[in-house]
Amino acid sequence: MERRGVLIDPDTLRQMSDELGQQHAKLEQEMYTMAGYEFNIGSPAQLSEVLFTKLQLPTTGIKKGKTSFSTGQSELDKLRGEHPIIELIEQTRELAKLKNTYTDALPKLADEHNRIHTTFNQDVAATGRLSSTNPNLQNIPIRTELGRKIRRAFIADGDKVLVSADYSQFELRLAAILANDESLINDFNGDVDIHTKTASEVYGIPMDDVTKDQRRAAKVINFGVLYGMSPHGLAANTGMSFGQAKDFIDQYFSLRAPIRAFIDKTLAKARTDGYVETYYGRRRPTPDIVSSNFMVRAGAERAAANMPIQGTEADLMKRAMLKVEERLGDLGDQVLQIHDSILVECPEENAQKVADILETTMEEIAPELGIKLRVDVSTGKNWGEL
DNA sequence: AAAGAAAGCGCG
DNA sequence: AAAGCGCGCTTTCTTT
């Protein structure tokens with residue numbers, strides 16, 4: 001994958017850079033006007049000075065930081081509505097991030113064929129995942145519409161196409177399997193919307209009555225509570241009160257007793273054996289699990305609870321990639337791996353075959369688990385439309 | 001001038 | 001006192 005590289009359209013990215021730069025300059029001027037003077041938006045210290053000293057925005061509960069108040073997104077959320085500059089900061093930050101990290105940088109790294117060659121590090125992540133550097137191609141934007149435009153600049157060569165295959169709800173499904181939570185497993189096998197189902201059970205209401213906010217809270221729970229998210233963290237993420245968040249978490253674990261038991265078993269192993277491991281035996285040492293420092297110890301517990309799940313995911317992906325490479329032959333080339341997904345470039349006439357190989361190979365990579373994994377496959381001319 | 005820490009934020 | 005896990009990159013600011 002490193003040698004093959006992935007094709008980009010550098011002209012599109014350069015054009016985006018221009019537009020982002022112009023828009024950024026415009027927003028910058030508006031912010032200077034609001035503040036009454038020019039300052040460096042990229043400097044958290046200067047921005048904090050503008051918000052809390054010059055503009056006198058309320059600092060109650062905004063706290064953080066060693067020297068100045070934090071200006072991170074989580075704190076800006078609390079200030080929304082207090083002053084129009086808040087939205088400008090958010091917009092400016094998004095533009096600067098996309099320009100500096102992606103649209104400016106990527107074209108410079110392409111070879112003479114406009115292909116980018118990342119390095120996949122195999123001995124970096126403590127869980128067994130790959131990581132990607134110089135450039136990191138595992139964090140190309142997708143969550144905002146503007147960001148997704150960058151992903152659309154990743155394309156297939158000539159009349160080829162891109163085929164992506166990603167595991168559906170990989171971590172949650174593995175958690176259900178490793179914890180042997182039959183109720184959760186049945187939900188997955190029944191193609192139930194797991195976040196809606198969780199909300200329905202936690203709130204004790206029919207699935208059809210679950211509101212968007214309730215589903216969103218359940219989604220945060222499903223991803224976060226597994227690894228030790230606190231009532232404080234859940235409240236901050238969903239807008240619930242601390243008390244509501246605590247009740248929600250209590251209700252969740254009484255509902256998912258097998259998950260609770262699996263986490264407890266994992267922590268017990270960390271304490272007695274000094275390591276935790278994946279389903280296939282990849283280990284992560286856990287020396288800090290016995291630290292006398294509460295923060296260090298609590299952090300080690302969250303990391304230990306997470307590793308068997310994230311690590312097993314990594315193990316499965318690596319096995320799948322090897323088998324995919326074998327079965328693909330000359331039909332197409334794997335070009336990227338993004339933790340739970342594989343991206344393949346292939347001639348259009350092979351697309352259906354490639355898609356089938358990806359789907360069946362990934363879904364059937366671990367029959368010993370006794371549970372069917374689900375894979376979603378998609379084909380297109382660029383990465384953004386997949 | 002180079003190296004490192006902090007803050008912030010992109011992804012799974 | 002502080003409260004999901006795993007990464008890498010850019011900028012600012014400080015230290016060497």
Side-chain angles (χ1 to χ4, degrees), chain A residues 39-48 63-76 89-90 92-106 109 118-122 124-144 146-148 150-151 166-172 175 219-238 242 245-246 249 252 263 266 276 284 293-311 313-314 317 336-342 383:
Chain A
F39 64 100
N40 189 338
I41 300 153
S43 166
Q46 290 182 40
L47 184 58
S48 181
K63 304 236 295 186
K64 273 176 83 175
K66 312 300 175 220
T67 52
S68 59
F69 287 104
S70 166
T71 67
Q73 186 58 55
S74 59
E75 307 312 304
L76 295 185
I89 294 170
E90 294 171 335
T92 308
R93 284 225 174 109
E94 183 184 7
L95 301 183
K97 179 81 174 182
L98 297 181
K99 182 174 191 292
N100 294 332
T101 307
Y102 304 104
T103 63
D104 283 354
L106 293 175
L109 295 169
T118 186
T119 298
F120 284 106
N121 309 108
Q122 304 201 58
V124 169
T127 55
R129 274 186 174 184
L130 300 182
S131 83
S132 162
T133 55
N134 189 30
N136 182 355
L137 294 185
Q138 290 180 321
N139 74 341
I140 301 303
I142 191 174
R143 293 176 186 176
T144 69
L146 192 54
R148 191 186 273 262
I150 292 171
R151 203 170 270 231
D166 55 282
Y167 281 109
S168 169
Q169 306 280 16
F170 205 7
E171 279 191 304
L172 216 46
K219 187 174 178 179
V220 172
I221 279 279
N222 277 330
F223 283 114
V225 169
L226 252 183
Y227 313 125
M229 182 182 270
S230 65
H232 177 278
L234 178 61
N237 262 289
T238 60
F242 184 90
K246 184 177 184 315
I249 291 171
Y252 175 87
I263 293 174
T266 301
V276 291
R284 173 176 185 170
N293 180 313
F294 173 84
M295 278 299 299
V296 172
R297 191 172 67 247
E301 288 174 354
R302 294 192 297 270
N306 169 271
M307 188 275 175
I309 298 167
Q310 187 181 123
E313 179 183 22
M317 268 303 284
L336 290 180
Q337 184 253 48
I338 308 96
H339 307 309
D340 65 354
S341 74
I342 294 173
W383 195 12

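Every chain is numbered from 1 and lettered A, B, ... according to where its sequence line falls, protein lines coming before strand lines.
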What is the distance, rounded to the nearest whole Å, between atom CG of D104(A) and atom C1' of dT11(C)?
13 Å

Length of the line joining D340(A):CG and dG6(C):C1', which is rounded to integer Å:
13 Å

Side chains of Q169(A) and F223(A) in contact at under 4.5 Å (non-hydrogen atoms)
yes

For Q46(A), answer base if it contacts any base atom (sugar-phosphate contacts may also be present), sugar-phosphate if it contacts only those atoms, and nothing otherwise; contact means non-hydrogen atoms under 4.0 Å.
sugar-phosphate

Counting side-chain heavy atoms from C-beta on, which of dA7(B), dG8(C), dA2(C) comes nearest to P44(A)?
dA7(B)

Roughly how far, to the nearest 0.5 Å, is the CD1 atom of I263(A) from the CD atom of E301(A)?
11.0 Å

OP1 or OP2 of dA7(B) sitting under 4.0 Å from any side-chain N/O of S70(A)?
no

Does dA2(C) have its OP1 or OP2 closer than 4.0 Å to a side-chain nitrogen or oxygen of S230(A)?
no

If you check every side-chain atom of R284(A), which of dT10(C), dT12(C), dG6(C) has the closest atom?
dG6(C)

Roughly how far apart are Q73(A) CD and L76(A) CG, rounded to 0.5 Å?
5.0 Å

Between dG12(B), dC9(B), dC7(C), which one does the side chain of A126(A) approach most closely?
dC7(C)

Does dG6(C) have its OP1 or OP2 closer than 4.0 Å to a side-chain nitrogen or oxygen of R129(A)?
no

In whole Å, what is the span from the CG atom of L95(A) to the C1' atom of dC9(B)?
14 Å

Euclidean distance, atom CZ of residue F39(A) to atom C1' of dT11(C) [Å, nearest integer]:
15 Å

Tell whether R143(A) reaches the base of dG10(B) with its side chain through a donor-acceptor pair below 3.5 angstrom.
no

Would you say a side-chain N or O of Q337(A) is under 4.0 Å from OP1 or OP2 of dG12(B)?
no

Main-chain N/O of F69(A) paired with S48(A) side-chain donor or acceptor, under 3.5 Å
yes

Between dT12(C), dA3(C), dG6(C), which one does the side chain of S43(A) approach most closely?
dT12(C)

Determine the interatomic distance between C1' on dA1(C) and the same-named atom on dC9(B); round to the nearest Å.
26 Å

If I take atom NZ in residue K97(A) and atom C1' in nucleotide dT11(C), what distance separates them, rounded to the nearest angstrom?
10 Å

May I ask you to say what A303(A) touches in the nucleic acid, namely base, sugar-phosphate or nothing, with a heavy-atom cut-off under 4.0 Å?
sugar-phosphate

For N136(A), does its backbone N or O pair with a side-chain atom of T118(A) as donor and acceptor, under 3.5 Å?
no

Work out how far the C1' atom of dG4(C) is from that of dG4(B), and round it to whole angstrom.
28 Å

I338(A) to L137(A) - nearest heavy-atom pair and separation:
CG1-O, 4.2 Å

Give one of base, sugar-phosphate or nothing for V124(A), where a contact means two heavy atoms less than 4.0 Å apart.
sugar-phosphate

Among dC11(B), dG10(B), dG6(C), which is the nearest nucleotide to the side chain of N136(A)?
dG10(B)

Of the nucleotides dA2(C), dG8(B), dG6(C), which has the atom closest to the F294(A) side chain?
dA2(C)

If we only count heavy atoms from C-beta on, is the K64(A) to S74(A) side-chain gap below 4.5 Å?
yes

N139(A) has its side chain closest, among dC9(C), dG6(C), dG10(B), to dG10(B)

What is the distance, rounded to the nearest whole Å, between atom CG of N306(A) and atom C1' of dG12(B)?
11 Å

What is the distance, to the nearest angstrom, from the CD1 atom on I150(A) to the P atom on dC9(C)?
16 Å

Any side-chain N or O of S131(A) less than 4.0 Å from the OP1 or OP2 oxygen of dG8(C)?
yes

Which one, dG8(C), dC7(C), dG4(C), comes nearest to the side chain of M229(A)?
dG4(C)

From the candidates dC11(B), dA3(C), dG8(C), the one with an atom nearest any side-chain atom of R151(A) is dC11(B)

Exercise: identify the closest heavy-atom pair between Q138(A) and F120(A):
NE2-CE2, 4.0 Å

Hey, does S132(A) reach any base, or is it just sugar-phosphate, or nothing, if we go heavy atoms under 4.0 Å?
sugar-phosphate

Counting any heavy atom closer than 4.0 Å, what does N40(A) reach on the DNA or RNA strands: base, sugar-phosphate only, or nothing?
sugar-phosphate

Hey, does I142(A) reach any base, or is it just sugar-phosphate, or nothing, if we go heavy atoms under 4.0 Å?
sugar-phosphate

G-U wobble or Watson-Crick pairing nucleotide for dA3(C) (cut-off 3.5 Å, both distances):
none

Check the geometry between H339(A) and dG12(B) and answer yes if their rings are stacked (centres below 5.5 Å, planes below 30°), otherwise no.
no

Assign E171(A) to base, sugar-phosphate, or nothing according to its heavy-atom contacts below 4.0 angstrom with the strands shown.
nothing

Using a heavy-atom cut-off of under 4.0 Å over every strand shown, decide if N237(A) touches base, sugar-phosphate, or nothing.
nothing

d(NZ, K63(A); C1', dA2(C)) in whole Å
13 Å

Shortest side-chain distance from N121(A), nucleotide among dG6(C), dG8(C), dG12(B):
dG8(C)

